[in-house]
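Heads up, the thing below is written out as structure tokens.
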There are 2 protein chains.
Amino acid sequence: MTTAGTAHETTTRTGPAAARQHSLREHNLELVARAVFEGPEPLSRAGVAAATGLARATVSTLVDQLVAARLVRELPAVTGGRAGRPAVPLVPAPRSVVGLGLEVNVDYLGARVLDLTGDVVVDRVVPGALHDSDPAVVLRRLGELAREVSDGVAASGMTVAGARLALPGLVDPRTGLLEVAPNLGWSTLDPVPPLGLGDLPVRIANEAKLAALAELAGGSDVAAPDSFVFVSGDVGIGAAIVVDRALFLGERGWNGEIGHVVVDPAGPRCSCGAFGCLEQYAGKEAMMRAAGLPTDAPLAALVALLTERDAAARGGSGVVARAGSAAAALPAGRALGSALADFVNLLDVSTIVLGGAYTELLPWLRADVEAVLADRVLAAPFVDLEVRAAQAGPQAALTGGAREVLRAVLADPAAWV
Amino acid sequence: MTTAGTAHETTTRTGPAAARQHSLREHNLELVARAVFEGPEPLSRAGVAAATGLARATVSTLVDQLVAARLVRELPAVTGGRAGRPAVPLVPAPRSVVGLGLEVNVDYLGARVLDLTGDVVVDRVVPGALHDSDPAVVLRRLGELAREVSDGVAASGMTVAGARLALPGLVDPRTGLLEVAPNLGWSTLDPVPPLGLGDLPVRIANEAKLAALAELAGGSDVAAPDSFVFVSGDVGIGAAIVVDRALFLGERGWNGEIGHVVVDPAGPRCSCGAFGCLEQYAGKEAMMRAAGLPTDAPLAALVALLTERDAAARGGSGVVARAGSAAAALPAGRALGSALADFVNLLDVSTIVLGGAYTELLPWLRADVEAVLADRVLAAPFVDLEVRAAQAGPQAALTGGAREVLRAVLADPAAWV
DNA sequence: CGCATTTGTTGTACGGATGAACTATTACGC
DNA sequence: GCGTAATAGTTCATCCGTACAACAAATGCG
């Protein structure tokens, strides 16, 4: 299995270091790599020079190193109807250096490999009921899956730069320990050694946090902005804060616990001990109960019920709902809006991305959420608040984890030359 | 008036730039300056080299430039009982480059000058009733005060690096406009030109945000940690988020509006239109009303009343209150604790600094605040939450503003060589 | 086919950090 | 008192990376 023993990933901030000559090289190497990776369309060496402000000669040597490191690839020179020597377009190298996303969740485990272009190279998701499971057994199974996938891509000549393991619980990014994952029934363990992935650098992170990073994918016109809040609704409700395309983790990465913001202190008691937490109104079980469904019904059942009600309302009265989209608003909407208003008042973000179950339920939530936000957010008159559905597909944490690995590669390309 | 026309201050992030040779110099110049300024005790050139990892030769040339720029000063060589040539201790230069803090608040305006050692060089606070005042008149008066102060220090050979104007309202740091300051009755204006301070770079900021920065002062053992939340209670309640010794402003600097976190949707109507905002429980007027005092009574009256009640409780029954410190807990405490719990759950901060009126009221708030936090913060079992009183003295925003100017100088010493 | 135009490369110059050698200044032992 | 060790600070040759200018390569156009 080909792994990257040389590429040590650095994210721990150990204070600013002395800048030597090679620091210049590292900085500019990253600058050039970013220009190539983040440009809306392929740039030539000359284009990179113009975009970065570096001299053409400098860019040439840097690009040559990136090409040698298999991070950047040259496309055939394109003679674009313009005078002059044709430019050589530079693009992220496909199928060369790849990132591995791993995840253990309540009802599945999976492994996904992305290459530098953002393409999914391998995708393996194994369903399973993993609440109250044995960590040793589950992690060994995931480890086997990971090795299988990793060996496969290595056999095709790709290099796995690292892996991120997404877990639905409190993760301490500094110690690498999982403190507690209530829905798995796990607590206080180091999940990396049981995977048995040798010297492949594996880091763990919270599932919702990595799912948020998946929203940054693609240069599509519906891509998330550089800063937003990602709220993932499921049995629990978690959030991640993304600032300038990076996770804002707070001191320990335990932020975004929006599920336990108190919406009404006179409300029902929550599992956390408090009364009237958001989770008691907008958690999956609460929404099911409010709709008259069993708490463990699948999300699809709720969507079907709501769709049916809409059709009945339209057909029966011929009147389309005030909001113009859905007649049957979920009672969760106002509670969610209230908690989000607190979030926005405290953090000043203007884009809210709703993920997890909320993605599909957004049509029945949007009107209430937006109305409450408009009422309750102080800066609302001065700001365009946007509430949007998550774009990343299912198991977004797998994609986000793989992307996070590649982001680290891009942040330090010098380690690969 | 000696101002720094050459020292343009840069805080707007315009994406990473190409690193040239002189970028190296700038980076290391900052590194050396930080070592001198932030070291617990004066370092010699050799000490700086050891602390930064730079070569002694490099440090020497950099220090010489800092000394020539009057940012660093050499103390007399100290023969410290050790063999070898005595070291020359380097310290921040006193009375050379200074920062000017300005403030307009409801009941005063003021100007304060700090030098690089953190010493207060000049301090001028003028009381006045400025609610519903005329911005043009007030800003002209403040401008006169500022020129007076500035001319004075310039006459003593000091250089004013810049100024920060603290205002109690919504400030857009990108446009430099004050959007609205309800308590002053001001809205949508650029307050800098009326000051008439010529080419002195003046930037404006929210008052609570700058007050938070004042907490970073001093190497005392009670100094605030690198990251904390600062909550300032007055008529309104504002908060600032400090991460790694820098303000975290969100997208527009309009975060920290904790005063309008909903504590109880069944509560009294707030001026913002919502019901049960924190301000309705823990704002100054609410606290006065709860204590049976007129809403415009001075804070001292409330403190006196509470102290008296404590004495009566102790003397009358001989029983000390459960919390061991104060018998008469303020009803505001639980509300404040609840809003802070939301804040901590959303942001993951472990230190909360209470400023403004809360500083003096903390003895009567602490027990309830800490109890609610322990109940409501999810990560409480894993984290040591600390609630402490603000350390900076009165008009903390003046100190914070001046410090912010000097922080910018320290971040770019190359502009001064 | 010659010329303008743009891309990419080569060679020289310059700025900045380095490490080794050197000077300056003290403490300590005899 | 004097030599030696130790530490601080400076000087100088060298290395490294970028910039600028000149040059080669490859195309469109008249």
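So that the names make sense, note that chain A is the first sequence line, chain B the second, and so on, each numbered from 1. All heavy atoms count here, side chains included; hydrogens, waters and symmetry mates do not.
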- Near DNA chain C, under 4.0 Å by heavy atom, which residues of residues 32-52 of chain A?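 Nucleic-acid contacts, sorted: Ser44(A), Arg45(A), Ala46(A).
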
- Item | Length of the CG-C1' vector between Leu90(A) and dG8(C), whole Å |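 Taking atom C1' of dG8(C) as the reference, CG of Leu90(A) is at 11 Å.
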
- Message: Rounded to whole Å, how long is the line connecting atom CZ of Arg56(B) with atom C1' of dA24(C)?
- Response: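 That distance rounds to 12 Å.
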
Compile the donor-acceptor pairs under 3.5 Å between side chains in residues 69-81 of chain A and protein atoms, sequence neighbours left out, one pair per line.
{"from": "Arg70(A)", "atom 1": "NH1", "to": "Gly157(A)", "atom 2": "O", "distance (Å)": "3.2"}
{"from": "Arg70(A)", "atom 1": "NH2", "to": "Gly157(A)", "atom 2": "O", "distance (Å)": "3.1"}
{"from": "Arg70(A)", "atom 1": "NH2", "to": "Thr159(A)", "atom 2": "OG1", "distance (Å)": "3.2"}
{"from": "Glu74(A)", "atom 1": "OE2", "to": "Arg45(A)", "atom 2": "NH1", "distance (Å)": "2.9"}
{"from": "Glu74(A)", "atom 1": "OE2", "to": "Arg45(A)", "atom 2": "NH2", "distance (Å)": "2.6"}

Partner residues of [X] under the side chain to side chain contact (heavy atoms under 4.5 Å, CB included) criterion, sequence neighbours left out:
X: Ala19(B); answer: Leu24(A), His27(A), Asn28(A), Ser23(B)
X: Val192(A); answer: Asp190(A), Val202(A), Ile204(A)
X: Glu26(A); answer: His22(A), Ala414(A)

- Message: So, using salt bridge (Lys or Arg N to Asp or Glu O under 4.0 Å) as the criterion, who are the partners of Arg34(A) when residues are at least two apart?
- Response: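 With neighbours one apart ignored, the set is Glu30(A), Glu38(A).
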
Could you list all N or O pairs between the protein and nucleotides 10-17 of chain C that sit under 3.5 Å apart?
{"from": "dG15(C)", "atom 1": "N2", "to": "Gln21(A)", "atom 2": "NE2", "distance (Å)": "3.2"}
{"from": "dG15(C)", "atom 1": "N2", "to": "Gln21(B)", "atom 2": "NE2", "distance (Å)": "2.7"}
{"from": "dG15(C)", "atom 1": "N3", "to": "Gln21(B)", "atom 2": "NE2", "distance (Å)": "2.7"}
{"from": "dA17(C)", "atom 1": "OP1", "to": "Asn28(B)", "atom 2": "ND2", "distance (Å)": "3.1"}
{"from": "dA17(C)", "atom 1": "OP2", "to": "Arg25(B)", "atom 2": "NE", "distance (Å)": "3.2"}
{"from": "dA17(C)", "atom 1": "OP2", "to": "Arg25(B)", "atom 2": "NH2", "distance (Å)": "2.6"}

Nucleotide N/O to protein N/O under 3.5 Å, stretch nucleotides 26-30 of chain D:
{"from": "dA26(D)", "atom 1": "N3", "to": "Arg85(A)", "atom 2": "N", "distance (Å)": "3.2"}
{"from": "dT27(D)", "atom 1": "O3'", "to": "Thr79(A)", "atom 2": "OG1", "distance (Å)": "3.3"}
{"from": "dT27(D)", "atom 1": "O2", "to": "Gly84(A)", "atom 2": "N", "distance (Å)": "3.0"}
{"from": "dG28(D)", "atom 1": "OP1", "to": "Thr79(A)", "atom 2": "OG1", "distance (Å)": "3.1"}

Quick one: side-chain hydrogen bond (donor to acceptor under 3.5 Å, both in side chains) partners of [X], sequence neighbours excluded?
X: Ser156(B); result: none
X: Gln21(A); result: none
X: Arg20(A); result: none
X: Gln65(B); result: none

- Could you walk me through whether Leu100(B) and Leu200(B) pass side-chain contact (heavy atoms from CB on, under 4.5 Å), step by step? CA-CA 10 Å; Leu100(B) 173 60; Leu200(B) 181 72; 4.2 Å; yes

- First encountered from the 5' end of DNA chain D, between Ala18(B) and Val88(B):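 The residue closer to the strand's 5' end, by nearest nucleotide, is Val88(B).
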
